[in-house]
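Let me begin by handing over the structure; questions about it come next.
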Amino acid sequence: MFRIISSQYNNLKVEISDFNPYHTFLCGQCFRWNVNEDGIWTGIIFDLGVRLVWDGKTCTFLNMSKSEFIDNCVYYFDLDTDYCKIKTYLEKKDENLKKAISHGYGIRLLKQDFWETLISFLISQNNNIPRIKQIIESLCSHFGLPVKGGFTQKTFPGISALANASLSDLNICRGGYRCRYISKTAAILNQTPFMLSHIQKLPPAEIRKFLLSLPGIGEKVADCILLYSGLDRSVFPIDRWVKRVIETLYFKRETDVNSIREFARDYFGDYAGIAQQYLFYYARQQKIGI
DNA sequence: TTGCAGGGGTCAA
DNA sequence: TTGACCCCTGCA
């Protein structure tokens with residue numbers, strides 16, 4: 001699903017199938033990627049600062065070695081997964097999905113760090129994207145570690161960094177009542193070393209159950225964490241937008257979240273989470289159901 | 001300038 | 001099932 005074309009002057013040119021950074025980074029699955037006026041994307045993959053340029057066909061990763069790419073990007077961008085095959089499967093379902101996929105054809109679901117995804121989506125509740133990004137950046141700048149290579153961004157803070165911070169320290173990031181949840185969740189996970197890495201190895205249903213036991217994590221946030229950290233692509237997070245788009249395009253009437261979840265599981269199957277992402281991006285861009 | 005509604009939900013009563 | 005919860009933004 002990718003082909004390294006060249007590696008010159010420390011810049012790695014790669015052809016990535018089914019990828020467009022505007023679709024992938026702006027579809028709402030991640031909060032730390034930004035593009036400047038020169039078209040250079042900057043983001044942090046795990047602890048690695050990354051800059052990339054996309055020319056419409058190929059991606060050039062600036063100042064990146066082949067091994068850094070193989071060790072970090074292949075997993076993060078889920079490059080071993082054949083999105084062409086998934087899209088072909090979903091497109092056959094109906095015209096709505098076909099339109100949504102042609103609209104967001106370059107969405108690849110990332111496999112983000114579990115802890116970072118957990119806290120990021122805990123922050124996302126009852127919140128809007130610009131402000132979610134603001135809170136996360138503030139959290140990183142106050143509690144993260146420097147990133148090598150001239151990056152102003154810091155790494156996402158570790159569990160102990162947030163667990164050891166007082167609530168008034170955490171309030172610096174202006175997260176409001178969500179700071180209490182961050183503090184409590186970090187404290188719980190900090191009690192048992194390697195707890196998160198152990199949890200990640202459990203079956204998705206068990207991970208979901210564990211996530212729901214943490215303060216501030218409900219069904220929607222738990223599903224987002226599972227989906228965007230790459231642990232389960234069959235979950236179907238239902239927020240206001242997804243509810244609206246499913247009601248408008250499929251049910252043709254208002255309905256409840258449980259009916260939508262059941263419908264999604266039966267209708268989209270193992271790729272429900274990926275279908276959700278195309279539909280979500282489509283709904284937001286086209287303002288469907290408003 | 002000020003007031004109000006609403007935003008990728010969750011929790012407790 | 002319902003209202004409170006933090007804070008920010010857009011709008012009148």
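Note on naming: letters A, B, ... go to the chains in the order of the sequence lines (proteins, then strands), and numbering restarts at 1 for each one.
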Minimum-distance nucleotide to V221(A) side chain [options: dC6(C), dT10(B), dT9(C)]: dT10(B)
Rounded distance (Å) that lies between atom P of dT10(B) and atom CG of L211(A): 11 Å
Interatomic distance where OH belongs to Y181(A) and P belongs to dC11(B) [whole Å]: 6 Å
Pairwise P distance for dA5(B) and dG3(C), with rounding to whole Å: 14 Å
Residue whose closest nucleotide on DNA chain B lies nearer the 5' end, I129(A) versus G216(A): I129(A)
Touch class at under 4.0 angstrom, heavy-atom based, for I135(A) against every strand present: nothing
Residue whose closest nucleotide on DNA chain C lies nearer the 5' end, Q134(A) versus G175(A): G175(A)
Mutual orientation of the aromatic rings belonging to W115(A) and F156(A) [parallel < 30°, tilted 30-60°, perpendicular > 60°]: perpendicular
Nucleotide dT10(B), atom C1' - distance to CD1 of I225(A) in whole Å: 13 Å
P spacing across the pair dA13(B) / dC6(C), given as an integer number of angstrom: 15 Å
Parallel, tilted or perpendicular, as decided by the 30° and 60° cut-offs, for the rings of F31(A) and F121(A): tilted
d(CZ, R174(A); P, dG7(B)) in whole Å: 22 Å
Each stem that DNA chain B is part of, given as range with range (3 or more consecutive Watson-Crick or G-U pairs, under 3.5 Å): B:2-7 with C:7-12, B:9-13 with C:1-5
All side-chain contact (heavy atoms from CB on, under 4.5 Å) counterparts of L214(A), not counting sequence neighbours: L118(A), T185(A), I188(A), F210(A), L211(A), I217(A)
Sugar-phosphate only, base, or nothing, as touched by C224(A) at under 4.0 Å among non-hydrogen atoms: base
Whether over 12 other heavy atoms sit under 6.0 Å from K184(A) NZ: no
NZ/NE/NH1/NH2 to OD/OE distance under 4.0 Å, R208(A) and D223(A): yes
Interatomic distance, L212(A) CG vs dC11(B) P [rounded to whole Å]: 8 Å
Sugar-phosphate, base or nothing in reach of Q277(A), heavy atoms under 4.0 Å: nothing
Single-linkage hydrophobic cluster, 4.5 Å side-chain cutoff, L90(A) and L249(A) together: yes
Derivation of the side chain to side chain donor-acceptor pair (under 3.5 Å) call for S166(A) and D169(A): CA-CA 5 Å; S166(A) 68; D169(A) 286 342; 3.2 Å; yes
Tabulated below should be each protein N or O lying under 3.5 Å from an N or O of nucleotides 10-12 of chain C; please produce it.
none

Donor-acceptor pair present, Y177(A) side chain and dG9(B) base, under 3.5 Å: yes
Note: E137(A)-R32(A) ion pair, threshold 4.0 Å (strictly below): yes
Backbone N/O of N63(A) and side chain of N11(A): donor-acceptor pair under 3.5 Å: yes
Sugar-phosphate, base or nothing in reach of P215(A), heavy atoms under 4.0 Å: sugar-phosphate
Integer angstrom distance from the P of dA4(C) to that of dC4(B): 15 Å
Whole-Å gap separating P (dC7(C)) and NZ (K133(A)): 22 Å
Worked verdict on F2(A) versus F77(A) for ring-ring contact (aromatic ring centres under 6.0 Å, His included): CA-CA 10 Å; F2(A) 70 97; F77(A) 289 103; over 10 Å; no
CA sep, side-chain torsions, deciding dist, call: E91(A), Y278(A), side chain to side chain donor-acceptor pair (under 3.5 Å): CA-CA 11 Å; E91(A) 272 167 355; Y278(A) 291 122; over 6 Å; no
Given dT9(C), dT10(B), dC5(C), the nucleotide with the shortest approach to the side chain of N126(A): dC5(C)
Whole-Å distance separating the CG atom of L170(A) from the C1' atom of dC6(C): 14 Å
Touch class at under 4.0 angstrom, heavy-atom based, for C173(A) against every strand present: nothing
Touch class at under 4.0 angstrom, heavy-atom based, for Y228(A) against every strand present: base
Sugar-phosphate only, base, or nothing, as touched by L214(A) at under 4.0 Å among non-hydrogen atoms: sugar-phosphate
Presence of R131(A) side-chain N/O under 4.0 Å of dT9(C) phosphate oxygens OP1/OP2: no
For atom CG of D256(A) and atom P of dT2(C), their distance in whole Å: 14 Å
